[in-house]
Each structure stands twice: as structure tokens, then as C-alpha cells.
Engineer: 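The structure is given below, and queries will be raised subsequently.
Letters A, B, ... are given to chains in the order of the sequence lines, protein chains preceding strands, and every chain is numbered from 1.
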Protein chains: 2
Amino acid sequence: MSGRKIISFENIKVACENCSLVSLCLPMGLDPDDVEKLDEIVKRNRPLHRGDHLFREGDKFHSLFVVKAGSVKTYAPSEDGGEQVLGFHLPGELIGLDAIENEEHHCSAKVLETSAVCEIPFTNLEELSSQVPSLQHQMYRLLSREIGHDEDILTLLGKRSAEERLAAFLISLSERFKRRDFSASDFYLSMSRHEIGNYLGLAVETVSRLFTRFQDEGLLKVERKHIQLLDIDRLNNIIQGEERNGNKRQYT
Amino acid sequence: MSGRKIISFENIKVACENCSLVSLCLPMGLDPDDVEKLDEIVKRNRPLHRGDHLFREGDKFHSLFVVKAGSVKTYAPSEDGGEQVLGFHLPGELIGLDAIENEEHHCSAKVLETSAVCEIPFTNLEELSSQVPSLQHQMYRLLSREIGHDEDILTLLGKRSAEERLAAFLISLSERFKRRDFSASDFYLSMSRHEIGNYLGLAVETVSRLFTRFQDEGLLKVERKHIQLLDIDRLNNIIQGEERNGNKRQYT
DNA sequence: GAAACTACTTGATCCAGATCAATCCTCGCT
DNA sequence: AGCGAGGATTGATCTGGATCAAGTAGTTTC
């Protein structure tokens with residue numbers, strides 16, 4: 001993801017107040033003094049590489065993580081070697097919220113490409129949030145948003161056809177890139193077809209076929225990991241279950 | 001759900017400290033003084049009846065709700081009259097967490113049977129939580145748990161077969177009843193086959209056939225809404241994707 | 001720079017579960 | 001008591017997407 005531009009790892013040790021993600025991340029809506037307090041508890045680690053883990057299922061929970069550059073996938077491994085991909089996380093997105101309950105990670109988080117990540121020790125964050133009501137409020141909002149987001153995916157997996165799922169996935173990426181001032185219509189996928197399929201509850205082959213089909217229909221141009229969305233409106237129509245040779249969604 | 005015992009609506013206006021759900025609900029881990037403060041902001045309304053709404057998608061968000069007796073379903077309606085059932089909520093379970101983000105309800109909540117519900121105005125709760133660290137902590141835990149729970153369902157919908165889904169559903173109900181001191185193996189379903197199917201991403205007919213199949217195999221006894229689980233161990237095996245004529249789960 | 005992987009694509013076939021189509025309850029109503 | 005009207009069951013058929021099976025094109029290793 002991102003990818004097209006070389007990320008300079010010289011300047012990642014910026015403070016929260018200078019961070020370009022300030023409007024997406026925890027500091028949103030905090031006043032400068034409070035951002036500074038938050039900044040003091042945030043750790044900024046050296047860059048991570050493809051395949052590195054932020055944490056694994058079962059690890060003791062210490063910190064939340066925020067993607068600063070690059071991308072991370074979270075997944076629930078199962079005994080037999082399989083996994084369920086739970087999400088792909090872009091810059092500004094928080095990881096590890098499901099671990100607060102038991103103080104133990106409920107899923108694993110693996111870096112998909114060279115990435116930078118901020119680490120926020122939860123005990124400190126929690127304490128700070130009880131002193132700074134606007135931070136507490138922001139925390140509640142972020143947790144709530146995650147729930148809403150999971151519910152959206154639930155609807156996707158429960159009711160939608162394969163093509164609706166892939167269209168929704170691409171539009172979701174597109175909108176998230178846009179908010180980060182990346183191109184909404186021209187981007188690189190940092191995850192494999194396999195991972196996309198797993199996330200969407202589809203077989204790899206189905207994902208591959210759909211990419212070809214979407215391309216044949218002029219909806220997008222795909223070359224390996226490079227995606228160019230050519231007709232976002234039509235992709236949005238597909239998500240609604242409209243058109244596609246006139247059939248309308250039945251209600252269940 | 002519950003059902004088999006007539007609920008006396010005379011005594012629902014009990015304080016949190018006397019509530020049998022204290023160990024499942026918000027007050028968990030609070031000391032008596034704090035429970036009293038919480039109690040002051042909780043509203044206890046008259047009983048609700050089948051079909052009543054706690055709120056509808058798009059309503060302004062004011063309060064969280066806790067089921068005290070009975071059961072409630074949450075669902076995301078879609079323009080075309082369809083819906084996605086997001087969850088069934090039993091006594092002690094919190095509803096409305098996904099609405100904190102935008103101060104607007106993200107889904108609708110409808111009462112499945114005569115039920116009692118506590119209403120907790122969120123502004124008050126938030127304020128109290130900033131004064132009572134253990135309440136703040138409990139709030140974070142509850143929100144986090146909800147995220148973890150949604151992720152579990154995601155795995156269910158993404159990878160599991162129809163019979164695995166239904167088995168998981170029944171076991172989940174069973175365990176939740178157990179924690180509430182109801183029978184883990186003998187209970188009434190308050191939702192229709194249609195709603196179960198919708199929740200699990202299955203057609204009504206499939207749900208119905210599976211009930212018959214499970215009964216034929218001696219896993220349970222089903223008569224209309226009345227369910228008796230006869231072989232919980234075997235149901236648990238099904239969830240793992242083990243047995244069932246020797247096939248093992250492939251990994252994806 | 002060739003070998004050995006691994007990711008991806010494409011085609012052929014298969015099957016779990018959806019959809020279509022009757023009944024058959026069960027319960028609320030008059 | 002009889003009558004609807006959903007809700008549930010059961011059977012027959014159909015199909016979207018999984019699975020199986022090659023083949024191809026990048027990528028990593030030495």
C-alpha cells in the first residue's frame with residue numbers, strides 16, 4: 001500500500017502535534033497541551049518489515065498500536081494452520097482494541113510491507129484519559145467506531161455476493177486512501193489475493209476471476225498489485241446490489 | 001428466551017446493588033459507593049413488549065441500554081426492506097455501543113419478547129466514568145469485549161459451514177444462559193428461524209433442516225421454540241470442524 | 001543466471017446451500 | 001369453533017462459488 005513514494009525513515013520521530021495523521025488518530029480534538037501529554041507516552045519504534053509481528057494471539061496486552069506508514073493485517077489463527085483475516089490497517093488506524101478486555105491479545109497482527117508504527121502503552125493512556133475528558137471521549141469514540149465497522153463487515157459477509165464484496169473492499173480502500181491524501185483511484189495492494197479472499201470469505205480463484213471480470217467491464221485496471229479504479233460510481237452501484245443485469249436484491 | 005418462568009414486573013425497580021446481573025453488567029468491580037452513583041443515573045422503564053423498538057437506525061444517540069429480562073435483537077435495516085441481524089441480546093448485555101461515535105444509532109434494536117431494560121444516559125455515564133477510574137476501566141473492557149465478540153462472528157461467517165454456524169449459535173446461547181443461572185441445556189428461543197438464518201447468513205430452510213438433522217442425530221431435541229441440548233460435547237466438536245464423517249478442515 | 005518457490009490466472013467440475021414450491025402447524029381473532 | 005396469516009417443515013431443483021487441476025509469471029536463493 002502507499003508504496004509508490006519512498007518513505008523517509010529519517011523523519012518518523014516527529015511528535016504527535018506535527019504528525020500528518022493528527023486528524024485521524026487519537027489526538028483528534030485535543031487541545032495542544034493535551035496533545036503534548038499524549039505525545040510523552042507514545043513510543044516510536046524503528047521501522048518494521050514485511051512479516052514482522054506487532055503481537056500474536058495470546059500475548060499479554062501492553063499497548064495499542066497506530067499505523068504511521070505502511071500497512072498491517074490482523075488475523076485470528078486457528079489450530080490447524082488456517083487463519084481468518086480480520087482487517088487491513090492503514091496509516092492512522094488503531095490496532096489492539098480487542099485486547100483490552102482480558103489484557104490478552106485476541107488476534108495476531110502482522111506487518112504487510114515496510115511500515116512505521118507508534119506504540120501507546122495502555123496503562124498510561126488509560127490514566128491520561130481519566131485526567132483529560134476529551135481524550136476519554138475520543139477513546140470511547142474510537143472503540144465505538146471499531147464496533148460499527150465490524151458490524152458493517154458482518155453485513156458484507158452475511159448477505160453480499162462475491163462481486164459485491166470485492167467492490168465494497170476496493171471502495172473502502174479507496175476512501176481510506178483518500179482521507180490520507182493518497183490517490184483514491186490509483187493505489188497498490190499490500191496484501192495478496194489469498195489474503196483478500198480470506199478476509200472477504202472467498203476463494204483465491206474467485207478473487208482473481210473477479211479482478212479480471214471487473215477489468216473486462218471497464219470498472220478498473222489491474223496489474224499485479226497495482227489497481228486503478230476507472231469507474232467508482234459503477235463500483236458503488238454494485239455494492240448497493242443494484243444493476244448487474246437488472247436483478248434486484250431480495251429481502252431476507 | 002427465559003420464558004418458562006413468569007417474570008414479576010413488580011420488582012424490577014431494584015437498585016443496581018441488588019440486581020442479579022451485577023456481575024455481568026456495568027457495576028462489575030465497582031465498590032459500593034460507586035455502584036450507588038451509577039444507580040442514580042440509571043433509568044428503569046416500564047416493561048416493553050414484543051416488537052417495541054429501543055431505538056432505530058438514524059435516531060440520535062442518548063443512552064445505552066442494558067437488558068434486564070427478556071431479549072432484544074439488533075439489526076441493520078437496508079433500504080429495500082431487508083435487514084441484517086447483528087445480534088441477540090440477553091439479560092446483562094449492553095446495547096448501543098456502536099452509536100457513541102457519531103451520536104447517532106448505527107442499527108435498530110427491537111424487543112423480541114416482553115422484556116425489561118435499563119436505560120443509561122451516556123453523557124452522565126461518561127462524566128461519572130471520568131471521576132471513577134474503575135468505571136472507566138469497565139467501560140473500556142465492555143467496548144473491547146464487543147469488538148472481540150464481533151470478530152468471533154466474523155470468523156463464523158467467513159469460514160464455517162452451515163452446521164458449524166448453527167452449532168456455534170446454540171452453544172453460545174447455552175453458555176450465556178448458564179452464566180445467568182438459566183439452564184444451559186433446556187431453553188426457549190425468542191427469535192424466529194428466519195432471524196436465526198439471517199443472523200448466521202443462512203436461508204430459513206437451511207436452519208430448519210439443520211434442526212431436524214441435529215435432532216435425528218441425537219444432538220438435541222427441538223419442538224418449535226423449545227430446545228433441549230442432549231449432547232453438548234458433540235456440538236462443540238462440530239464447531240471445531242472436527243468429526244462429521246471424518247473430514248478435516250482445510251486451511252485457507 | 002538458472003533453479004526452486006510462491007503468487008496468480010484460467011479452465012473444468014462439483015456441491016453446499018439457495019431458491020422455488022407445497023403443505024402443515026400454531027396461535028391470535030372474531 | 002372456525003378462519004386466517006405468519007412461521008415452520010419438507011421436497012425438488014438450481015447455481016454461485018468452492019474445489020480440483022494445470023499452466024504462467026514474478027521473486028528469492030545461491
Engineer: Let me know the distance between CZ of B/R213 and C1' of D/dT9, rounded to the nearest Å.
Structural biologist: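 In whole Å, D/dT9 C1' lies 15 Å from B/R213 CZ.
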
Engineer: So does A/E205 reach the base of C/dC8 with its side chain, donor to acceptor, closer than 3.5 Å?
Structural biologist: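 Side chain to base: no pair present.
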
Engineer: Could you go step by step and tell me if B/L173 and B/L189 meet the side-chain contact (heavy atoms from CB on, under 4.5 Å) rule?
Structural biologist: CA-CA 9 Å; B/L173 282 182; B/L189 300 174; 3.6 Å; yes

Engineer: Under 4.0 Å between a side-chain N/O of A/R193 and OP1 or OP2 of C/dT9, yes or no?
Structural biologist: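 It does, given that an N or O in the side chain of A/R193 lies less than 4.0 Å from OP1 or OP2 of C/dT9.
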
Engineer: Check this for me, if you would: do B/R234 and B/E217 make a salt bridge, where the nitrogen-to-carboxylate-oxygen distance has to be below 4.0 angstrom?
Structural biologist: no

Engineer: To the nearest Å, how far apart are B/H226 NE2 and C/dT26 P?
Structural biologist: 15 Å

Engineer: What I want to find out is whether A/R180 reaches A/E93 closely enough, with some N-O distance under 4.0 Å, to be called a salt bridge.
Structural biologist: yes

Engineer: Could you check whether B/S208 gets within reach of a base, just the sugar-phosphate, or nothing at all, counting any heavy atom under 4.0 Å?
Structural biologist: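 Base, at least one base atom sits under 4.0 Å.
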
Engineer: Relative to the 5' end of DNA chain D, which residue comes earlier, B/T212 or A/R209, by the nucleotide with the nearest heavy atom?
Structural biologist: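 Its nearest nucleotide being more 5', the pick is B/T212.
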
Engineer: Check the distance between D/dT9's P and B/L189's CG and give it to me in whole angstrom.
Structural biologist: 10 Å

Engineer: Looking only at side-chain N and O atoms, does A/K225 come under 4.0 Å of OP1 or OP2 in D/dG26?
Structural biologist: no

Engineer: Would you indicate what B/G201 reaches in the nucleic acid, counting non-hydrogen atoms under 4.0 angstrom: base, sugar-phosphate, or nothing?
Structural biologist: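 Sugar-phosphate contact only - B/G201 comes under 4.0 Å of backbone atoms but never of a base.
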
Engineer: Taking the nucleotide of DNA chain D with the nearest heavy atom to each, does A/V204 or A/R224 sit closer to the 5' end?
Structural biologist: A/V204

Engineer: Would you mind reading off the distance between B/E223 atom CD and D/dA8 atom P, rounded to a whole angstrom?
Structural biologist: 14 Å

Engineer: Tell me the interatomic distance from A/L202, atom CG, to D/dT19, atom P, rounded to whole angstroms.
Structural biologist: 11 Å

Engineer: If you compare every side-chain N and O of B/S192 against the phosphate oxygens of D/dG7 (OP1, OP2), does one of them come in below 4.0 Å?
Structural biologist: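 For D/dG7, OP1/OP2 do not have a side-chain N/O of B/S192 under 4.0 Å.
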
Engineer: Check the distance between D/dT9's P and B/F214's CZ and give it to me in whole angstrom.
Structural biologist: 14 Å

Engineer: Please give, in whole Å, the distance from C/dT10 P to A/F211 CZ?
Structural biologist: 13 Å

Engineer: NA contact type, B/A162, heavy-atom cut-off 4.0 Å: base, sugar-phosphate, or nothing?
Structural biologist: sugar-phosphate

Engineer: Return the value, rounded to whole Å, for the distance between atom CD1 of B/I196 and atom P of D/dA8.
Structural biologist: 8 Å

Engineer: Would you check if the side chain of A/N198 reaches a backbone N or O of A/E83 as a donor-acceptor pair within less than 3.5 Å?
Structural biologist: yes

Engineer: Could you measure the distance from the CD1 atom of B/I232 to the CG atom of B/L170? Nearest 0.5 Å is fine.
Structural biologist: 10.0 Å

